Every structure is written in C-alpha cells, then in structure tokens.
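Quick caveat, the model's predicted, so the values are computed rather than measured. So that the names make sense, note that chain A is the first sequence line, chain B the second, and so on, each numbered from 1.
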Amino acid sequence: MADQPRYYITTPIYYVNDDPHIGHAYTTLACDALARFKRLDGFDVHFLTGTDEHGQKVEKAAADAGVDPQSFTDQVSQRFRDLAERMKFSNDDFIRTTEPRHIEAAQAIWRRLIEREEIYLGAYAGWYAIRDEAFYGESELIKGPKGEKLAPSGAPVEWVEEPSYFFRLSAWQDKLLAFYESNPDFIAPQSRRNEVVSFVKGGLQDLSVSRVSFTWGVPAPGDAGHVLYVWLDALTNYITAVGFPDTDSASYRKFWPADLHMVGKDILRFHAVYWPAFLMAADLEPPKRVFAHGWWTNEGQKISKSLGNVIKPGDLIDTYGLDQTRYFLLREVPFGNDGDFSRRSMITRMDSELANDYGNLAQRVLSMIAKNLGGVTPTPGAFTAEDEALLGAAAALPAKLRPLMDAQTFHEALEQIWVVIRASNGYVDRQAPWALRKTDPDRMATVLYVLAETIRRLAIMTTPFMPDASGAILDLVAAPADARNFAAIADAPLAAGAALPAPKGVFPRYQGPDPEDDA
RNA sequence: GGCGGGGUAGCUCAGUGGUAGAGCAGGGGAAUCAUAAUCCCUUGGUCGGGGGUUCAAAUCCCUCCCCCGCUACCA
C-alpha cells in the first residue's frame, strides 16, 4: 500500500462573522461527496475545512458582544462544526486560524517572504470611511450634494495613509500567466479561468499584506505594530493543516500540493492569483486546482439578509431530510453554475427520483425476495445476455464516474447512476418476476439475484452523495461492512443464502404541506 | 467601454460539420412485484435574427439583438 494514491481537498475557511447558510453547506457538501468518492476509490484522503477568525470585523463584533475575541470566535466557530456534523461531512480536520499551529505557519510564510524580499515596508493610502471602517477605491466613490467625495454607503471619507507591508505581486504577473498556461486545468470552470487570466493580463499592483489599525490577527514577526492582513493569514491555513512550516514532515510531503481548493466564485481571485503567487514567492508549490462554484437563489430571488430569505441548511434537513437535501443540491444544478432552490423542484426530485426511481426499486425487489424466497439472498442460475448487460452497466459506474468527479461535474455523475437505476426498473418490468413465480421459480430467483446485486452496486455508488440512505440499502442487501467500496463492486458479489433484514423504505415521499398552498 | 460566457422542445439542460437529444411537464397504452410507485409509446423545436463558407452547419466565418460574469486589495 506504499503507493496508495493520495488526495487533498479543502473548503475555504469560513469567516466567523457569518451564520452558516446554504452557501457554506453547499461548498463543503461538494467537497464531502468528492472526498467520500475518493476514499471509496482507494485514495488516502485528507479533507480540510475550518474557520477564519481574525480581522477587524471579528474584533468589533466581539467588542459589541462584550466578550474577548477568542471567546467570541470559540462560540461562533462551533456553529460551523455543528453544521458539519448535521450534514454528515467527513472532514478529517477542522482548522481555526487562531490555533497556535496556524499562527506559527502564518508567521513562517511571512518570514520566508521577507527573507526573499518579496515583502517590503511601504505605506497604504486610500480613501477611508471611518463609519464603514473600510477603504474605498477612487472609482467606488460617489459625489455628495456639495460635490464632496463619499463612500458608496454615503459615509464621509478622508485620505488616510498608514504604514503597511506590501507583497510584490506586480513581479509575479508573467510567472502567473506562464503557470496558467502550463496548467490549463488549474482554474475551473473554464469561463472563470478566462476571467482570471484576463484580470492578471490587465496588470497587477503590489498587495497590502499587513495592518496597523487593529490587533486581532497574527502579529507580523519583527514588527510588533503590524498584524498579517486578511488573505495571507487565511490562505496559509491550507498548508498549516498539512504540517507547514515543517516541509519535511510526512504529512506535508504526502499531501502538498493540494489536489483541489473548492471555493465560491466570489473568492476565486484570492485563490487563483494571490495564493499561487504567495506560494511561488515563498518557494513552495502552488495547488493543483481551484474550482469556483456558483450561488443559490431562493425561489428565483437573490438571497439576502435584508430580504429575509436566507436558507438555513438545518431547515432543509428538517423539512426534506438530510440525504434528500444533499442529493438535490448536487443534482439540481450543473456544478459551477448558479442555481435556484425551489420547494417545487426539491419535492419533485425527492419524490420521483429518490422515492419512486431509487427507493421503490429497492423496495419492490426486496419485497419479492422477502415474500417468495424466504428473505434470503437468492441463488442464481446462468445469466442471460440481459442479466449481464444490467450487471455490467452497474459494474462500469466507477470507471464512468471517475472523470466526472475529477471534473467536479457532480450532476452528471448522479445522472449516470440514474441511467442504471432506470434501466433496473425497466429490467424488472420486462422480466416480470411476479409472473415467473408460477412459471419458472428458478429463473425468478436469478432475476431477483441480478437485481439485488445491481442494487448493491448502485448503493455503493450513491454512498458519497447520500451516505445514510446508501448505508441503509447496503444493510438491506446484507453487504458486509468491509465490502462497501468500489473494489468490492467487482470483488464481493452478494453471497447466496444470506439472511436479509425485513425490507424497509429508505426514501420516503414528501409528506409536508403543498408548497403551492402558501407563499 | 474592454475582455469573457451564454441565447437548442413548456421548464432545466446535453450536443463543436453529416438525417435535432435527455430528464421533467403534456397525451395514449401496458402491467400490478412495489413507497398508487413502474414500464412502453407519443405530442412538441424555422437550434436568438440576418448573411456567408461547404456536397453538408446548432456545430466554422461575418454582422446585429438580448441575458449574464469579470474589470483588484469588505471578508
């Protein structure tokens, strides 16, 4: 097993100033499905998520709440852990930027950049709005009634200069472009890659990477007045978690560079431009790929706190079920695109695809086995061409899904599984085992075996997306606990004669109120 | 403005030179093992408009119209 392939996948670290919402759940869910898929496919996976806990906003929110920043972040960070638990996320680690291991790593990358003269001391100047506690670019300003400059929020601005360290981003433009050129899959989807390349081609300015205006951050080594600013601190978490600054450690050598940073489209630039530049400047390897996914709308409407239409993952789980929610989010939208959450669509997929197509397939087959074959895995006779075709279609799924998962086309991966589910229902109808019961019981046993075996294979394939329900189906066909991975699809067919538990539905139909009734 | 993505059946989308596809929705039929679930057949498109290249274009070229994204230091 020395050559076991490895896979390192990360979510962004979430800013603790926010309550967990569907966007957080979506990003981590995509990573979870991919991480689980890779584990079932024999990879040694490291799946990282966590929270970003520094910055002026956190400092202020803590002050407003009357607690120290550390206690504040302890509380809020916990909400993200709770979300991960409710969503059954399988992350191997949960990193917090306030942990000593991270502060050490962030300071180490800072030192490397200073040593290589990639960071220098200068002054940050700009239009600052005290009320907003934010700097604005010249182009963002609006004109007040007297022609004075105002922030977009209407707050007065003043020209402020403060000392700041800068990263020589401008020096990395050509190297970044060369990197994109030689790594065409580094940024996905393709349209996002175009945007990034276009942005970099437009010219890069040096980047302010320290602040003196607040203290809740990682202290800059060698200059106590400065804390590391924003992204240099946050992005470094990805190497902290695999052992940086010890680049000789087993975990760093094993897992870095990361295979995939999953991000929302709003933070692509930081991951696709700044991060590889920081790393190359520090003489470290850049990650292999960054995927920027889209946003959800709610019943066609943009989601915002002011509209009050924020979608809470917990509400979806309560209303539709965990696996149903996981399935919908990954099936409804071509991954990478924006998508719309509508109750109508959620219920349609939950009922017709999960309950009717998949759940009922298992139920109808297992019921026949229970009633006609004593609840024991049937003993098959010789397989017909049609038997082989169905079994073969299910056996081919791992190979079919690998490239789709590597391209993060989760919706298409699920569609390919459903092609086999629909084929299975067609097979049931054509073989009509209920008729064979009287005319050819041996053939009926063979048909039901083929179906049970196909269901076993399907349930292994759906495990990354719907771990609970898939596990329940595998229980129903008595698949051994140690034979629930992709290798077992070919290697561990159902053993004839095994006693099966009583069939039980795993995907209930939607029982709640009709969404057309209110709203 | 510049750069980029997109405009294909009622809906969501696949399809990059060779007789228009899938799922859902609609219509008809079959079956009755099953969570009244399933299966089969079927209606439906001038592939945004116009022009061009080609034996042949949704697919290549030109042009026009419409939608969306990016155009930096809030995370």
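When the C1' atom of C73(B) is taken as reference, atom CD of Q173(A) falls 16 Å away, rounded to whole Å. As rounded to whole Å, 10 Å separates atom C1' of C3(B) from atom NZ of K201(A). To the nearest angstrom, P of C73(B) lies 16 Å from CG of L235(A). The distance from atom CG of L204(A) to atom P of U71(B) is 13 Å, rounded to the nearest whole Å. Remark: C1' of A75(B) and NE2 of H271(A) are 12 Å apart, rounded to the nearest angstrom. L268(A) has its CG atom 11 Å from the P atom of C70(B), to the nearest Å. Between M444(A) atom CE and C33(B) atom C1' there is a gap of 11 Å when expressed in whole angstrom units. Counting to the nearest Å, the P atom of A34(B) and the CG atom of N372(A) are 9 Å from each other.
D351(A) comes within 4.0 angstrom of nothing in the nucleic acid, heavy atoms only. As judged by a 4.0 angstrom heavy-atom cut-off over every strand, Q190(A) is placed among residues making no nucleic acid contact. Using a 4.0 Å heavy-atom distance criterion, Y15(A) is classed as a sugar-phosphate-only contact. Counting non-hydrogen atoms under 4.0 angstrom, R437(A) reaches nothing in the nucleic acid. Within 4.0 Å of G339(A), counting heavy atoms only, lies no atom of the nucleic acid at all. In this structure, K371(A) reaches the sugar-phosphate backbone alone: every heavy-atom distance under 4.0 Å involves primed, P, OP1 or OP2 atoms, never a base.
Taking the P atoms as reference points, G4(B) lies 26 Å from C47(B), given to the whole Å. Of the C1' atoms belonging to C55(B) and C13(B), the separation is 32 Å, rounded to the nearest Å. Between U8(B) and A20(B), the distance separating the two C1' atoms is 9 Å to the nearest Å. Nucleotides G10(B) and U43(B) are separated by 14 Å at their P atoms, to the nearest Å. When the C1' atom is used for both G50(B) and C11(B), the distance is 29 Å, rounded to whole Å. G7(B) and G49(B) have their P atoms separated by 13 Å, with the value rounded to a whole Å. If you take atom P in A14(B) and the same atom in G28(B), they sit 32 Å apart, rounded to whole Å. Across the P atoms, C24(B) and G2(B) are found 44 Å apart, a figure rounded to whole Å.
Remark: aromatic rings of F278(A) and W231(A) are distant, center separation not under 6.0 Å. Taking the six-membered ring wherever Trp is involved, the centroid distance between the rings of F410(A) and F465(A) does not fall below 6.0 Å. Checked against the 6.0 Å centroid threshold, W159(A) and Y128(A) do not count as a close aromatic pair. Not less than 6.0 angstrom separates the ring centroid of F94(A) from the ring centroid of F80(A). Checked against a 6.0 Å centroid threshold, the rings of Y510(A) and Y320(A) count as neighbours. Two rings, from Y14(A) and H24(A), have their centers less than 6.0 Å apart.
If I421(A) and L207(A) are placed on RNA chain B by their nearest nucleotide, the residue sitting closer to the 5' end is I421(A). Map S191(A) and R331(A) each onto its nearest nucleotide of RNA chain B; the residue landing nearer the 5' end is S191(A).
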When you compare the protein's N or O atoms with those of nucleotides 10-15 of chain B, which come within less than 3.5 Å of each other, and at what distance?
none

Close N or O pairs between protein and nucleotides 35-38 of chain B (under 3.5 Å):
| unit_1 | atom_1 | unit_2 | atom_2 | d |
| --- | --- | --- | --- | --- |
| U35(B) | O2 | F507(A) | O | 3.4 |
| U35(B) | N3 | F507(A) | O | 2.7 |
| U35(B) | O4 | G359(A) | O | 3.4 |
| U35(B) | O4 | V506(A) | N | 3.3 |
| U35(B) | O4 | F507(A) | N | 3.2 |
| A37(B) | OP1 | R509(A) | NH2 | 3.2 |
| A37(B) | O3' | N356(A) | ND2 | 3.3 |
| A37(B) | O2' | N356(A) | O | 3.1 |
| A37(B) | O2' | N360(A) | ND2 | 2.7 |
| U38(B) | O2' | R364(A) | NH1 | 3.1 |
| U38(B) | O2' | D429(A) | OD1 | 2.8 |
| U38(B) | O2 | D429(A) | OD2 | 3.0 |

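Of the candidates C3(B), G5(B), A75(B), C3(B) carries the atom nearest the S198(A) side chain, counting heavy atoms from C-beta on. Across C70(B), A31(B), A75(B), the shortest atom-to-atom separation from the side chain of E195(A) is found for C70(B). In this structure, the nucleotide among G69(B), A72(B), A75(B) sitting nearest to the side chain of Q205(A) is A72(B).
Cation-pi contact between R349(A) and Y327(A): absent, since separation from the ring centre below 6.0 Å together with deviation from the ring axis within 45° is not met. The side-chain tip of R211(A) points at the ring of Y124(A) from less than 6.0 angstrom away and within 45° of straight on.
Counting heavy atoms of neighbouring residues, nucleotides and ligands inside a 6.0 Å radius, atom NZ of K400(A) does not exceed 12 of them.
In this structure, the side chain to side chain contact (heavy atoms under 4.5 Å, CB included) partners of S367(A), at least two apart in sequence or on a different chain, are Q363(A), P503(A).
The nucleotide C11(B) finds its pairing partner in G23(B), both defining distances of the Watson-Crick or G-U wobble pair being shorter than 3.5 Å. Nucleotide C47(B) has no partner under the Watson-Crick or G-U criteria, as no pair reaches both atom distances under 3.5 Å. Nucleotide G1(B) is matched to U71(B) when pairs are restricted to Watson-Crick or G-U wobble geometry with both distances under 3.5 angstrom. A36(B) is unpaired under the criterion used here, namely a Watson-Crick or G-U wobble arrangement in which both key atom distances are under 3.5 Å.
Side chains of W110(A) and V209(A) form a contact here, defined as non-hydrogen atoms less than 4.5 Å apart.
Among the candidates T73(A), T215(A), D233(A), the single residue satisfying the side chain to side chain donor-acceptor pair (under 3.5 Å) test with H54(A) is D233(A).
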